[in-house]
Protein chains: 2
Amino acid sequence: MAETARTEHRYGNRPTMKDVAARAGVGLKTVSRVVNGEPGVTPDTERRVQEAIEALGFRRNDSARVLRKGRTASIGLVLEDLADPFYGPLSRAVEEVARAHGALLINGSSAEDPDREQELVLALCARRVDGLVVIPAGDDHRYLEPELKAGVATVFVDRPAGRIDADVVLSDNFGGARDGVAHLIAHGHRRIGFIGDQPRIHTAVERLRGYHAAMSEAGLPVHDSWVSLGSTAPERVRTAAEAILSGPEPVTAIFAGNNRVTVTVVRILADLERPVALVGFDDFELADLLRPAVTVIAQDAAQLGRTAAERLFHRLDGAPDTARRIELNTRLIPRGSGELPPAN
Amino acid sequence: MAETARTEHRYGNRPTMKDVAARAGVGLKTVSRVVNGEPGVTPDTERRVQEAIEALGFRRNDSARVLRKGRTASIGLVLEDLADPFYGPLSRAVEEVARAHGALLINGSSAEDPDREQELVLALCARRVDGLVVIPAGDDHRYLEPELKAGVATVFVDRPAGRIDADVVLSDNFGGARDGVAHLIAHGHRRIGFIGDQPRIHTAVERLRGYHAAMSEAGLPVHDSWVSLGSTAPERVRTAAEAILSGPEPVTAIFAGNNRVTVTVVRILADLERPVALVGFDDFELADLLRPAVTVIAQDAAQLGRTAAERLFHRLDGAPDTARRIELNTRLIPRGSGELPPAN
DNA sequence: TAGAGCCTAGACAACGTTGTCAGTCTCGGT
DNA sequence: ACCGAGACTGACAACGTTGTCTAGGCTCTA
């Protein structure tokens, strides 16, 4: 009892079930039974084993367990940037679902780099995660084919998979953008700018498509110079915005293609004298406290994550199913900036 | 070449090195050598093996590898809430450092629940992560002793470990809060409120201590009703703020103990007629765009994460060292809300 | 041409766990 | 006293990989 644990291990080595068994004077398998709460162990034996576990500070090695059992009880999440506030709620939602299914979450940021995405995904597969939730950076996911065939459940979120048949959970980017632009039109705007993310990115293209749809449905022409797709770096957005706002036919309203663009545009408009209307895709914290408060097309990031993760575990729980495309609605939240009338 | 892969595996099973070896007509170990880029393989043999790998869609099973090698090349990060914008840059920074060291990041949210923290940490240990970065929720980490002894490098961030000797990386919470409150005092305030997080949380207590220090250094009394520690839920903060602002001796300025409190307070002050000065601990996006822009004590979350992760890998790279406490400076960013004069 | 030395390759054990199976012990019924 | 049933328990193989060790073939030199 007061006897201290003495081990013969090299430093850094951890006690194994074998060590526990030796100390408790029982067989290896009995320790395994105790550790896993399997039946068929006398209370007395169990107590001895528990004491040995306690004394040695034993902790089951899940790597070995995984090797034996085949399942890792962990899922991987690959997204663009952990630090982006849009992905916070999403990953949290995925984590909650994973937790509810007793799984851990391993995640990484692709930094919007397809090679890095692939590297990460394959590293996760090598770890034998049971499933993957991927917000794709690249547009060709054929490299995943062997993994899918091998049974790694995979769900894509926010953007569809490229050249491969897989589940995907999306927001209605087209419809959301169309609604947002239509909202500006309804408030009298005729010249509306669009500043979006890189054309490589599916959401950017879809939202641009929504913009064009709204304009054309209203019979409004679109001047090439009103549209700008590219990096969301503040400098790039600033340049684009300044061009759009100062050309021969300056716009009276801007539709911002995502939260980062919106924030930069807000900064720019704050320094401007004439009011320019603004609707942004993605809601963001404090949007309601700005003056004017920012009208947005909100998508429910947490719901995206939750839906994807649930779909994932649904697959893991057996139900083999054909790939499905789930699209979530967006919601227009009028707050002021999108209701400003045009100022010529 | 055009021959399709035919396998005898049960569905869901993945090819192993043995399968690859059989197909390539070589020994198991040769496959291992090719997969790991070890020398001593003829170009011709290597090609045959590569073809077999390709054809079968083989991917090394890292679980087995880990079991054999002892290191998992992964580290765990336990924080309070992935969705909290404060932790985004922090986890991203940890991830970057991990990546630079070829390690993956496994993370989870403790939801500020000590039991859940322990559960998570131990699950990570069972996975045999090489190291841990922990933002503690609890205040007793003796449960980690066997792990530390077994060589799991551990660094605590943002708050110190409880009842255990371990590395910790902190912001200067005391100094930062003192500076912030002193700033308000310098602008003429005498009655200053403090709304902070739960007293269980180290940072909350330290910041409160800073508040008291600044007040006492200025020879100002502190009325009990001016101070409120508790949950950061908006309703709680709102109640606290309303009490502080409406008592017999209403405050003319508020020091908000963290970003969530600050945001809620901003909302409340926006509905108020009389101007109330505000300094918040933690910077947040768009703080500069609010009117008035919000003066904050900024801590560098990314730097916290980076420092902690680097310390972790430093330990993993051999250097056994005594536990160290690293404290990072905070920075006062005056933006307007903290420079408002008192309005009686 | 024989022997040394090098390069390539494979057999085998080990990592720590779990599933299978067989052995021992106890107890109750006859 | 004996047998069968049932409850405990442990020996052993297997999971897929890597480290060690040895074998075989080749080249090079004396």
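In the text below, chain A, chain B and the rest are named by the order of the sequence lines, each starting its count at 1. The model shown is predicted, which means the values in this text are computed figures rather than measured ones.
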Between B/Ser32 and D/dT18, is there a side-chain N or O to OP1/OP2 distance below 4.0 Å?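 Checking B/Ser32 against D/dT18: at least one side-chain N or O falls below 4.0 Å of OP1 or OP2.
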Using salt bridge (Lys or Arg N to Asp or Glu O under 4.0 Å) as the criterion, list what pairs up with [X], not counting sequence neighbours.
X: B/Glu112; value: B/Arg159
X: B/Arg47; value: B/Asp44, B/Glu51
X: B/Glu46; value: none

What is the bend of the helix from C/dT1-D/dA30 to C/dT30-D/dA1 when you compare the axis at one end with the axis at the other, using five pairs each and rounding to 10°?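 Nearest ten degrees gives 50° for this helix.
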Between C1' of D/dT20 and NZ of B/Lys69, the distance in whole Å: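 Value for this atom pair: 14 Å.
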Which is true for A/Asp62 with a 4.0 Å heavy-atom rule: it touches a base, it touches only sugar-phosphate, or it touches nothing?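 Nothing, no nucleic acid heavy atom in range.
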Shortest non-hydrogen separation from A/Ala137 to A/Ser110 and the atoms involved: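 Scanning both residues completely, I find the closest heavy atoms to be CB-OG, 3.7 Å.
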Pairs where residues 125-135 of chain A contributes a residue and the test salt bridge (Lys or Arg N to Asp or Glu O under 4.0 Å) is met, not counting sequence neighbours: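 Qualifying pairs, neighbours excluded: A/Arg127-B/Asp62.
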Tell me whether the rings of B/Phe313 and B/His101 are parallel (<30°), tilted (30 to 60°) or perpendicular (>60°).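 Parallel.
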Would a distance-only check, ignoring hydrogens and angles, find a side-chain to backbone donor-acceptor pair under 3.5 Å from B/Thr154 to B/Val152?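 Such a contact is found between B/Thr154 side chain and B/Val152 backbone.
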Quick one, give me the B/S/- string for nucleotides 6-16 of chain D, reading 5' to 3', where B means a protein heavy atom under 4.0 Å from the base and S means that only happens at the primed atoms, P, OP1 or OP2. --SBBB-BBBB
salt_bridge(A/Arg59, B/Glu147) N-O dist < 4.0 Å: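 A salt bridge is present here (some side-chain N lies under 4.0 Å from a carboxylate O).
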